[in-house]
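All ligand and atom numbering here is 1-based and tracks the order in the structure.
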Amino acid sequence: MAKKCAVITGVTGQDGAYLAQLLLEKDYRILGVARRSSHFGVSTHRLDWLGIADHIEIVDGDLLDLGGLCRIVRDARPDEVYNLAAQSFVKTSWDQPVLTAQVTGVGALNVLEAVRLEAPEARVYQASSSEMYGLIREPIQSETTPFYPRSPYAAAKVFAHWSTVNYRESFGMHASSGILFNHESPLRGLEFVTRKITDAVARIKLGQANELRMGNLDARRDWGHARDYVRAMWLMMQQPVADDYVVATGRTTTVRDFLSAAFAHVDLNADDYVRIDPAFLRPAEVETLHGDAAKAHRILGWSPLISLEQMIGEMVDADLARHRDRT
Ligand code: NDP
Ligand code: GDP
């Protein structure tokens, strides 16, 4: 039987790397879409870290370029297309709102349009986000909770989400949206709060830093592990009927408690090192996210396998190893 083929946009990012690893285990052919830069080659450091860079075919492409996306989809004739690319950092979206709308919002529409025109039978996954709930309308958020986006990023994700629903309903496409709550790993971008913390904890422990400047410590997130969450993406693509699913752990934790656990992992006390810096506050905050993944449990048979404590330990240990290697 011919191998299944998947196109992954955002393959150089955290989720792209873990999803590629999962699909390789399932014997897929993988085409990873990556943007060209003036630096030699594509930045494959996450794929290298997982030891899979040589097993992925990288194709040049940008979410802003519909023509290029059409060419990629036409040539590949994929079974599954995972749209993971985005300007994904909420705080940056206030500094680059138009770019964020174009890439994170219209870019997703470009992917849907490329598939509709060139490979309408392909199944599409859209990376929707719990940030769409923003100023939460219900204490625990599910697929039926109304959205209230609180950043240009979240507004762009709402556009992409409804575009996905609309292409499913208008054209009968197998297009699904995963409304994923925050998920982290040793491959998380350094600007996100969890990785910023674990990286700083490692440097402080090794004597390479002596403080950590933070924003709002009272914010709560429902943090899971990216490795668990990419499994949910793949499960959505295997369903006979496309649909939207919340993917979350069902447990919410403050940034303050995440900090304490990360410092405690190396026998340090967060209060001795953490300083509040207004530079890390946001023009509008998402105070609390807490997901209800009952539908994913019921229909996909999905449950997270990695606890928050295990994840924090893995992230701190990985950052310790990275910084030890540098000394
Ligand atoms: P990352 O920021 O790690 O990865 C983003 C990817 O998008 C990178 O590969 C980046 O490429 C690529 N990209 C950015 N702009 C473009 C563009 N114009 N054209 C093509 N590629 C582009 O994000 P994650 O892996 O964490 O997240 C994956 C997706 O899931 C994103 O859409 C994110 O918004 C969404 N999401 C993430 C959550 C999380 O907690 N991680 C929660 C909910 C949703 P490059 O390497 O060149 O920068
Ligand atoms: P987000 O949920 O996609 O915005 O993910 P982040 O990891 O960037 O932020 C999670 C929460 O941590 C938000 O409520 C932030 O305001 C809060 N936070 C507190 N201090 C910081 C910080 O120094 N950096 C970041 N990125 N977030 C912080």
Novice: Between Asp27 and Lys3, is the closest basic N to carboxylate O distance under 4.0 Å?
Specialist: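 Between Asp27 and Lys3 there is a salt bridge, with a charged N closer than 4.0 Å to a carboxylate O.
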
Novice: Using heavy-atom distances, let me know which of Arg282, Arg150, Lys91 sits nearest atom 4 (O) of ligand 2.
Specialist: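 Nearest heavy atom to atom 4 (O) of ligand 2 lies in Arg282.
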
Novice: Salt bridge or not between Glu184 and Arg221? Use side-chain N to carboxylate O under 4.0 Å.
Specialist: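 No, Glu184 and Arg221 are not salt-bridged.
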
Novice: Number the atoms of ligand 2 from 1 as they appear, then name those within less than 4.0 Å of a heavy atom of Phe89, with their elements.
Specialist: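 Under 4.0 Å from Phe89, ligand 2 has these atoms: 8 (O), 26 (N).
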
Novice: Using a 4.0 Å heavy-atom cut-off, say whether Val255 meets ligand 2 through its side chain, its backbone, both or neither.
Specialist: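 Side chain only.
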
Novice: Can you tell which part of Asp15 has a heavy atom less than 4.0 Å from ligand 1: side chain, backbone, both or neither?
Specialist: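 The part of Asp15 near ligand 1 is both the backbone and the side chain.
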
Novice: Hey, is ligand 1 close enough to Ser130 that some N/O pair sits below 3.5 Å?
Specialist: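 For ligand 1, there is no N or O atom that lies under 3.5 Å from one belonging to Ser130.
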
Novice: Measure Tyr153 to ligand 1 on non-hydrogen atoms and call it side chain, backbone, both or neither using the 4.0 Å cut-off.
Specialist: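 For Tyr153, the contact with ligand 1 is made by the side chain alone.
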
Novice: Would one find an N or O of Val90, backbone or side chain, under 3.5 Å from an N or O of ligand 2?
Specialist: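 No - when backbone and side-chain N and O of Val90 are compared with those of ligand 2, no distance drops under 3.5 Å.
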
Novice: Which residue supplies the protein heavy atom nearest to atom 1 (P) of ligand 2, what is that atom called, and how far is it?
Specialist: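 That would be Glu131 OE2, 3.4 Å.
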
Novice: Quick one: closest heavy-atom pair of Ala119 and Val73, and the distance?
Specialist: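 Minimum heavy-atom separation between Ala119 and Val73: CB-CG1, 3.5 Å.
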
Novice: Would you call Asn182 a ligand 1 contact, heavy-atom distance under 4.0 Å?
Specialist: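 Per 4.0 Å heavy-atom rule, Asn182 contacts ligand 1.
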
Novice: Assign the ring pair His297 / Trp302 to parallel, tilted or perpendicular, where the plane angle (0 to 90°) is split at 30° and 60°.
Specialist: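 Answer is parallel, since the angle falls under 30°.
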
Novice: If you count the atoms of ligand 1 from 1 in the order shown, which ones are under 4.0 Å from a heavy atom of Ala127?
Specialist: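 Heavy-atom distances to Ala127 below 4.0 Å select 29 (C), 30 (O), 32 (O), 35 (C).
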
Novice: Any chance the side chains of Gln87 and Thr92 put a donor and an acceptor closer than 3.5 Å?
Specialist: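 No donor-acceptor contact under 3.5 Å links the two side chains.
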
Novice: Quick one: look up the protein heavy atom nearest atom 43 (C) of ligand 1 and list residue, atom name and how far away it is.
Specialist: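 Closest protein heavy atom to atom 43 (C) of ligand 1: Leu180 O, 3.2 Å.
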
Novice: With a 4.0 Å cut-off on N to O distance, would you call Arg322 and Asp325 a salt bridge?
Specialist: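 Salt bridge: no.
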
Novice: By number and element, which atoms of ligand 1 are closer than 4.0 Å to a non-hydrogen atom of Ser128?
Specialist: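 So the atoms of ligand 1 that pass are 43 (C), 44 (C).
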
Novice: Would you mind running through ligand 2 and noting each atom that sits below 4.0 Å from a heavy atom of Phe280?
Specialist: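 The atoms of ligand 2 under 4.0 Å from a heavy atom of Phe280 are 23 (O).
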
Novice: Any N or O of Ala86 that comes nearer than 3.5 Å to an N or O of ligand 1?
Specialist: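 Yes; at least one N/O pair falls below 3.5 Å.
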
Novice: May I ask you to decide whether Lys295 forms a salt bridge with Asp244, counting only side-chain N to carboxylate O separations under 4.0 Å?
Specialist: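 Salt bridge absent between Lys295 and Asp244.
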
Novice: Considering heavy atoms of the protein only, find what lies nearest to atom 5 (O) of ligand 2 and give residue, atom and distance to 0.1 Å.
Specialist: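 The protein heavy atom lying closest is Asn182 ND2, 3.4 Å.
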
Novice: Record the part of Ser37 in heavy-atom contact with ligand 1 below 4.0 Å; permitted values are side chain, backbone, both and neither.
Specialist: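 Answer for Ser37: neither.
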
Novice: Among all protein heavy atoms, pick the one closest to atom 6 (C) of ligand 1 and tell me residue, atom and distance.
Specialist: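 Ranked first by proximity to atom 6 (C) of ligand 1 is Gly10 CA, 3.6 Å.
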
Novice: List every atom of ligand 2 that sits less than 4.0 Å from any heavy atom of Val286, numbering the atoms from 1 in the order shown and giving each element.
Specialist: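 Heavy-atom distances to Val286 below 4.0 Å select 14 (O).
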
Novice: Counting only heavy atoms not in Glu121, do more than 12 sit closer than 6.0 Å to its CD atom?
Specialist: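 Not buried by this count: 12 neighbours or fewer within 6.0 Å.
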
Novice: Give yes if a backbone or side-chain nitrogen or oxygen of Arg46 is under 3.5 Å from a nitrogen or oxygen of ligand 1, and no if not.
Specialist: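 Arg46 vs ligand 1: no N/O contact under 3.5 Å.
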
Novice: I would like to know whether Ser93 and Thr100 meet side chain to side chain donor-acceptor pair (under 3.5 Å); could you show each step before the answer?
Specialist: CA-CA 6 Å; Ser93 76; Thr100 302; 5.0 Å; no

Novice: So, 4.0 Å and heavy atoms of Tyr153: is ligand 2 close enough to count as a contact?
Specialist: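 In this structure, Tyr153 fails to qualify as a contact of ligand 2 - no heavy atom is under 4.0 Å.
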
Novice: Is it true that Arg188 and Glu314 have a side-chain N and a carboxylate O under 4.0 angstrom from each other?
Specialist: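 Between Glu314 and Arg188 there is no salt bridge, as every charged N stays at least 4.0 Å from the carboxylate O atoms.
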
Novice: For atom 23 (O) of ligand 1, what's the nearest protein heavy-atom neighbour? Residue, atom name and distance, please.
Specialist: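 Its nearest protein heavy-atom neighbour is Ser88 OG, 3.6 Å.
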
Novice: Side chain or backbone of His183 under 4.0 Å from ligand 1, or both, or neither, by non-hydrogen atoms?
Specialist: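 Under 4.0 Å from ligand 1, His183 contributes backbone and side-chain atoms.
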
Novice: Go through the steps for Gln238 and Glu80 under the test side chain to side chain donor-acceptor pair (under 3.5 Å), then give the verdict.
Specialist: CA-CA 9 Å; Gln238 310 317 306; Glu80 295 165 15; 3.2 Å; yes

Novice: For ligand 2 and Gly215, I'd like to know whether there is a polar contact (N/O to N/O, distance under 3.5 Å).
Specialist: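 N/O-N/O distance below 3.5 Å exists for this pair.
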
Novice: Taking Ser130's backbone N and O only, do any of them form a donor-acceptor pair with Lys157's side chain (distance below 3.5 Å, no angle check)?
Specialist: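 Pair absent, no side-chain N/O of Lys157 close to backbone of Ser130.
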
Novice: Kindly identify the option in Thr104, Leu63, Leu64 whose heavy atom sits closest to atom 19 (N) of ligand 1.
Specialist: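 Answer by nearest heavy atom: Leu63.
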
Novice: Nearest non-hydrogen contact with atom 26 (N) of ligand 2 belongs to which option: Glu285, Glu191, Glu184, Arg188?
Specialist: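 Looking at heavy atoms only, Glu191 sits closest to atom 26 (N) of ligand 2.
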
Novice: Of all the non-hydrogen atoms in the protein, which one sits nearest to atom 11 (O) of ligand 1, and at what distance?
Specialist: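 Result for atom 11 (O) of ligand 1: Thr12 OG1, 3.3 Å.
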
Novice: So which protein heavy atom does atom 28 (C) of ligand 2 come closest to, and at what separation?
Specialist: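 Atom 28 (C) of ligand 2 sits closest to the protein heavy atom Val193 CG2, 3.5 Å.
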
Novice: Considering both backbone and side-chain atoms of Trp223, is one of its nitrogen or oxygen atoms within less than 3.5 Å of a nitrogen or oxygen in ligand 2?
Specialist: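 In this structure, Trp223 places no N or O atom under 3.5 Å from an N or O of ligand 2.
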
Novice: Over 60° means perpendicular and under 30° means parallel, so tell me whether Tyr82 and Tyr125 are parallel, tilted or perpendicular.
Specialist: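 If you compare the ring of Tyr82 with that of Tyr125, the planes turn out tilted.
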
Novice: Between ligand 1 and Asn83, is the shortest N or O to N or O distance under 3.5 Å?
Specialist: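 There is no such contact.
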
Novice: May I ask you to identify, for Leu217, whether its side chain, its backbone, both or neither come under 4.0 Å of ligand 2 on a heavy-atom basis?
Specialist: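 Within the 4.0 Å criterion, Leu217 makes no contact with ligand 2.
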
Novice: Give the residue and atom name of whichever protein heavy atom lies nearest to atom 22 (C) of ligand 2, and the separation in Å to one decimal.
Specialist: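 Protein heavy atom at minimum distance: Lys196 NZ, 3.7 Å.
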
Novice: Using a 4.0 Å heavy-atom cut-off, say whether Glu131 meets ligand 1 through its side chain, its backbone, both or neither.
Specialist: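 Answer for Glu131: neither.
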
Novice: Could you list the atoms of ligand 2 found under 4.0 angstrom from a heavy atom of Ala219?
Specialist: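 Numbered from 1, ligand 2 contributes 14 (O).
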
Novice: Just how far is it from atom CG of Asp15 to atom CZ of Arg227, taken to the nearest 0.5 Å?
Specialist: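 One finds 12.5 Å between CG of Asp15 and CZ of Arg227.
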
Novice: Would you check the N or O atoms of Leu84, main chain and side chain alike, for any that come under 3.5 Å of an N or O of ligand 1?
Specialist: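 Leu84 vs ligand 1: N/O contact under 3.5 Å present.
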
Novice: Has ligand 1 got any nitrogen or oxygen that is less than 3.5 angstrom from a nitrogen or oxygen of Arg188?
Specialist: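 Between Arg188 and ligand 1, an N or O pair is found under 3.5 Å apart.
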
Novice: Please check if the side chain of Arg77 supplies one atom and the backbone of Glu118 the other of a donor-acceptor pair under 3.5 Å.
Specialist: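 Pair found, side chain donor or acceptor close to backbone of Glu118.
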
Novice: To the nearest 0.1 Å, how far is atom 18 (N) of ligand 1 from its closest protein heavy atom, and which atom is that?
Specialist: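 Sorting protein heavy atoms by distance from atom 18 (N) of ligand 1 puts Asp62 OD1, 2.9 Å first.
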
Novice: Looking at Asp79 and Arg123, is there a salt bridge between them, counting it only when a charged N and a carboxylate O are closer than 4.0 Å?
Specialist: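 Salt bridge between Arg123 and Asp79, a charged N being under 4.0 Å from a carboxylate O: no.
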
Novice: Hey, what's the ring geometry for Tyr133 with Phe147, parallel, tilted or perpendicular (30° and 60° as the breaks)?
Specialist: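 It falls in the tilted class, 30° to 60°.
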
Novice: Can you check which of Gly13, Ser43, Ala85 brings a heavy atom nearest to atom 7 (O) of ligand 1?
Specialist: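 The option holding the nearest heavy atom is Ala85.
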
Novice: Among Lys157, Arg221, Met132, whose heavy atom sits nearest atom 35 (C) of ligand 1?
Specialist: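 Residue with the shortest heavy-atom distance to the ligand atom: Lys157.
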
Novice: When you measure from atom 13 (C) of ligand 2 to every protein heavy atom, which one gives the shortest distance, and what is it?
Specialist: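 Minimum-distance protein heavy atom for atom 13 (C) of ligand 2 reads Arg221 NH2, 3.4 Å.
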
Novice: Nearest 0.5 Å, please: how far is CE in Met237 from CG in Leu23?
Specialist: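 The distance works out to 11.0 Å.
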
Novice: Please confirm whether Ala17 comes under 4.0 Å of ligand 1, counting heavy atoms of the residue only.
Specialist: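 The answer is no: ligand 1 sits nowhere under 4.0 Å from a heavy atom of Ala17.
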
Novice: Donor-acceptor pair, distance only, cut-off 3.5 Å: does the side chain of Arg137 make one with the backbone of Thr145?
Specialist: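 No, Arg137 side chain to Thr145 backbone: no donor-acceptor pair under 3.5 Å.
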
Novice: Does Thr194 reach ligand 2 with a nitrogen or oxygen that is under 3.5 Å from one of the ligand's nitrogen or oxygen atoms?
Specialist: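 No; every N/O pair is 3.5 Å or more apart.
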
